[in-house]
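Read the structure below first, then the notes.
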Number of protein chains: 4
Amino acid sequence: MDKIRIVLAGPRGRMGKEAVLLIEETEHFELVAAVDRINEGKYISDIEGMPNVQAPIYTDIEKCFQDVKADVLVDLTTPEIGRVHTKTALTYGVRPVVGTTGFSEEDLKELQQLAEEKELGCIIAPNFAIGAILMMKFSQMAAKYFDDVEIIEMHHDQKLDAPSGTGLKTAELISEVREAKKQGHPEEKELLEGARGADYEGIRLHSVRLPGLIAHQEVMFGGFEQTLKIRHDSYNRASFMSGVKLAVDTVMNVDTLVYGLENIID
Amino acid sequence: MDKIRIVLAGPRGRMGKEAVLLIEETEHFELVAAVDRINEGKYISDIEGMPNVQAPIYTDIEKCFQDVKADVLVDLTTPEIGRVHTKTALTYGVRPVVGTTGFSEEDLKELQQLAEEKELGCIIAPNFAIGAILMMKFSQMAAKYFDDVEIIEMHHDQKLDAPSGTGLKTAELISEVREAKKQGHPEEKELLEGARGADYEGIRLHSVRLPGLIAHQEVMFGGFEQTLKIRHDSYNRASFMSGVKLAVDTVMNVDTLVYGLENIID
Amino acid sequence: MDKIRIVLAGPRGRMGKEAVLLIEETEHFELVAAVDRINEGKYISDIEGMPNVQAPIYTDIEKCFQDVKADVLVDLTTPEIGRVHTKTALTYGVRPVVGTTGFSEEDLKELQQLAEEKELGCIIAPNFAIGAILMMKFSQMAAKYFDDVEIIEMHHDQKLDAPSGTGLKTAELISEVREAKKQGHPEEKELLEGARGADYEGIRLHSVRLPGLIAHQEVMFGGFEQTLKIRHDSYNRASFMSGVKLAVDTVMNVDTLVYGLENIID
Amino acid sequence: MDKIRIVLAGPRGRMGKEAVLLIEETEHFELVAAVDRINEGKYISDIEGMPNVQAPIYTDIEKCFQDVKADVLVDLTTPEIGRVHTKTALTYGVRPVVGTTGFSEEDLKELQQLAEEKELGCIIAPNFAIGAILMMKFSQMAAKYFDDVEIIEMHHDQKLDAPSGTGLKTAELISEVREAKKQGHPEEKELLEGARGADYEGIRLHSVRLPGLIAHQEVMFGGFEQTLKIRHDSYNRASFMSGVKLAVDTVMNVDTLVYGLENIID
């Protein structure tokens with residue numbers, strides 16, 4: 001297989017650093033250049049803490065695409081910069097993979113049109129953690145066969161909100177495929193308030209917060225004398241990289257814009 | 001919704017007893033008769049330990065179908081008897097739901113032809129535990145996105161074989177969608193033989209046997225800084241009943257033979 | 001080792017039946033007689049569903065102790081009957097093992113005095129599930145080294161109260177050894193009410209209720225980059241039998257009254 | 001409470017850096033100086049990546065103790081240097097807390113004598129992860145009441161040895177309190193070799209190796225219709241810091257040498 005030639009925008013951020021490592025470790029990926037706000041004319045290997053990769057750094061993305069032959073742009077910058085980068089990449093025939101929650105519906109429509117004109121793949125995803133996306137997908141599938149479900153999400157004790165975004169999103173996805181129902185004994189009684197957790201259309205959500213924990217969620221289904229559990233444990237931001245890898249591989253084989261990693265998972 | 005009128009063959013077996021309860025507890029199911037080797041002319045309610053259901057018992061299934069208007073036959077007998085029952089049911093316009101591993105390919109082909117002729121649904125399943133089937137299905141799906149997986153199956157200490165049938169079946173399904181690969185450190189070393197478990201195309205299987213356990217399996221996937229786990233706990237034979245229920249509901253809406261519950265799950 | 005000769009009071013109850021099996025299966029235990037409200041003059045083997053044990057049944061416990069040489073009385077009757085049985089046993093030099101929550105402090109004081117006079121062991125326990133008792137004991141021990149803890153208890157959905165008795169008891173035991181403290185982020189916010197569970201002196205309790213579950217509890221401690229979990233799964237009433245066995249063995253080696261199994265566990 | 005004045009030896013190592021943070025974050029701890037091979041005359045705050053703490057750095061530990069009034073020495077250097085440091089500290093009336101597996105029995109005897117002469121506490125520990133130590137201690141306790149146990153230890157796939165050191169140590173501790181016994185069905189059969197794991201005096205050990213995992217162990221006990229599980233999850237080296245904190249607090253209240261953290265846990 002030919003190597004996929006990648007330009008990385010945002011190499012010095014937390015995600016960016018992980019992406020440099022990912023590209024290095026993946027045999028059929030090649031980092032051909034980086035786009036950054038600073039360090040014009042330097043190489044990735046010149047930056048402290050970076051691996052010894054001879055990829056040139058550009059501050060001007062147009063100049064980058066004029067100089068360097070690339071297949072994919074991985075953009076891990078901000079929504080504002082990412083929007084411009086994505087358009088520019090499509091214009092130069094480079095397929096974008098963008099991690100952001102910040103594009104408006106209008107942005108997406110415009111980019112979709114451009115991708116179709118150019119017949120180029122373009123993947124934009126708010127969440128690259130494949131494990132979490134599979135957990136949500138499987139939970140929605142299982143909910144068709146199990147009427148009762150509770151969600152236990154567990155995070156470090158510096159988290160402000162309860163339940164977590166993933167917990168709520170999972171509950172939403174489940175309630176798309178089942179009728180709201182009251183779970184538990186019809187006359188159940190809380191001896192201590194809150195014991196039965198939060199209620200989302202009858203689905204119970206429990207938020208555990210403890211030092212030492214990172215980001216974990218268990219979705220528990222109960223039926224006739226059996227339970228089915230789907231659990232995701234995320235140990236740090238690098239858990240997003242498996243999704244970036246999948247997106248890079250997939251963007252080469254599609255010729256339209258795809259929004260959300262769940263739509264490239266079957 | 002009109003009630004689904006059910007004839008149950010094999011009401012006195014362990015599964016049969018649970019099926020009687022299932023039908024009683026399901027509002028839109030109605031037990032209209034039972035077929036048994038003995039007790040001709042009696043009622044379910046006459047048998048010790050059975051609930052107070054006024055369903056007549058027949059020893060002759062043809063007579064049963066002539067006397068009683070039925071939609072579905074739930075057959076929990078033996079493969080030999082079940083084969084005859086299934087054919088007879090289709091002949092009388094009744095849709096069969098059969099739990100057996102004992103039908104030959106020839107049997108299935110013949111029954112399929114008959115079902116199509118009659119334009120009647122017919123569901124035959126070797127395993128009715130929906131949770132276990134979903135666990136296997138999800139594991140196969142997840143294996144496309146996670147290269148590394150280990151299976152831990154846990155059973156009571158009276159079990160003879162290790163790994164369990166479900167454990168092996170799960171490993172088979174996973175290896176259908178991934179290349180065989182050596183997992184773990186390339187130079188890993190067992191200080192005590194067997195520590196790394198059994199090896200099926202690189203998938204590691206671990207069999208735990210302890211008194212107190214019933215039947216449990218966890219499929220654990222590992223990737224970039226994350227793990228995804230799918231776990232099924234089965235607490236007794238009644239766990240099969242959720243699958244029977246699903247099959248009865250589904251058989252009313254298909255007009256062909258379906259083999260294996262995984263094919264009516266989407 | 002000489003066999004321990006046991007008289008069992010209450011052999012036909014759910015616990016009683018399990019106790020008959022326990023005694024049969026334990027090599028150094030011998031069932032020498034049973035005390036029951038009915039079946040005077042019959043044998044255990046005469047009762048339907050009982051194993052083939054030639055132990056005579058008495059309706060009068062005094063007559064039983066006069067006829068049969070016994071070491072231990074296992075009493076699984078009611079508090080009222082149990083109180084009389086316990087006294088009678090001590091009078092006849094037989095060591096009682098009693099499962100009940102129904103004795104008053106006065107009862108206990110009186111029985112303790114009698115046990116000491118006779119220099120006989122006597123074990124009275126409200127809970128014989130060793131696993132649950134160890135879970136509570138370990139949780140109390142761990143709480144000295146981990147400041148943050150949450151309890152997740154999981155039961156079938158026919159349970160009325162939340163949290164469970166064991167959940168509350170565990171929280172009480174933990175708060176005996178730690179200062180009350182507010183856990184989680186000081187400014188944490190419930191987006192859905194109840195997400196953070198119930199609060200007992202800062203300990204969070206979460207009650208999961210699902211069909212298929214039986215009786216499970218996980219106590220989760222969090223600290224510097226680590227978590228410690230202690231989990232008990234009880235699959236049915238027979239889980240009490242391991243405690244009965246321990247109590248019978250222990251009562252032979254003490255010469256006073258012990259209340260609560262936790263006091264014979266070290 | 002007066003602050004405990006701490007000298008830290010080895011501040012630039014991985015453990016040392018965590019210790020600096022620990023001392024900063026603990027209200028009743030104060031970092032009064034550091035001992036290092038380099039940086040004489042500088043302050044902790046001068047070193048890149050360190051927090052803004054005005055503690056002077058010494059290359060000569062004697063000079064340090066002459067200049068600075070200290071209660072405790074936390075030594076995270078090598079066994080060779082640590083041995084000298086520990087002796088010097090005791091001579092200067094400072095209580096040592098040392099993390100090392102490298103002291104000989106002779107070393108320990110000599111240090112013990114010195115500690116007793118000076119009537120000073122001194123804690124030397126090969127393992128500071130309190131959670132792991134509690135897991136091992138609880139497992140040994142539970143093994144008295146449950147005859148059957150299996151150990152599942154789970155680590156990242158870069159680990160060479162299987163089972164892990166902690167796994168083996170746990171099995172050793174359990175076999176100190178129980179007779180070796182063959183577990184599982186007497187005639188159990190491995191369909192795939194290794195399925196039943198490694199065997200240590202009848203205790204089964206299973207080693208799971210997956211990318212994404214860090215360091216986890218579950219000890220599972222089975223008995224009459226119940227299971228008891230004790231699990232430790234360690235997410236990185238910082239998990240040792242809770243043990244360092246405990247040791248610093250404890251060393252102030254003992255007047256002898258203690259070897260092993262398990263001996264200050266009750």
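A note on names: the letters A, B, ... follow the listed sequences, proteins ahead of strands, and every chain is numbered from 1.
Heavy-atom pairs under 4.5 Å with chain A peak, among Arg196(C), His156(C), Met220(C), at Arg196(C). Ranked by heavy-atom pairs shorter than 4.5 Å toward chain A, the options Leu205(C), Asp157(C), Val208(C) are led by Val208(C). With respect to chain A, the highest number of heavy-atom pairs below 4.5 Å among Asp147(C), Asp161(C), Ile151(C), Thr227(C) belongs to Asp161(C). Options Gly167(A), Gly223(A), Pro163(A) differ in how many heavy-atom pairs under 4.5 Å they form with chain C, and the most are formed by Gly223(A).
When side chains are defined from C-beta on, His185(A) counts as touching Leu160(C), because their heavy atoms get closer than 4.5 Å. With contacts defined as side-chain heavy-atom distances shorter than 4.5 Å, the pair Arg209(A)/Arg204(C) does not qualify. Contact annotation: the side chain of Glu188(C) never approaches that of Gln158(A) to less than 4.5 Å [non-hydrogen atoms, C-beta and beyond].
With a 4.5 angstrom heavy-atom cutoff, Ile152(C) touches chain A only via side-chain atoms. For chain A, the nearby parts of Lys189(C) are the backbone and the side chain; heavy atoms of each come within less than 4.5 Å. Looking at Phe221(C), only its backbone comes within 4.5 Å of chain A, counting heavy atoms on both sides. Contacts of Leu168(A) with chain C are made by side-chain atoms alone, with heavy-atom separations under 4.5 Å and no backbone atom involved.
From Leu192(A), atom CG reaches atom CG of Asp199(C) across 8.0 Å, with rounding to the nearest 0.5 Å. Atom CG of Leu210(C) and atom CD of Gln226(A) lie 12.0 Å apart (nearest 0.5 Å).
In this structure, Glu193(C) places its CD atom where only 12 or fewer heavy-atom neighbours from other residues, nucleotides or ligands lie under 6.0 Å away. In Glu80(A), the CD atom is crowded: over 12 heavy atoms of neighbouring residues, nucleotides or ligands sit closer than 6.0 Å. Enclosure of atom NZ in Lys181(A) by more than 12 non-hydrogen atoms of other residues, nucleotides or ligands within 6.0 angstrom is indicated. Heavy-atom contacts from other residues, nucleotides or ligands closer than 6.0 Å to NZ of Lys17(C) number 12 or fewer.
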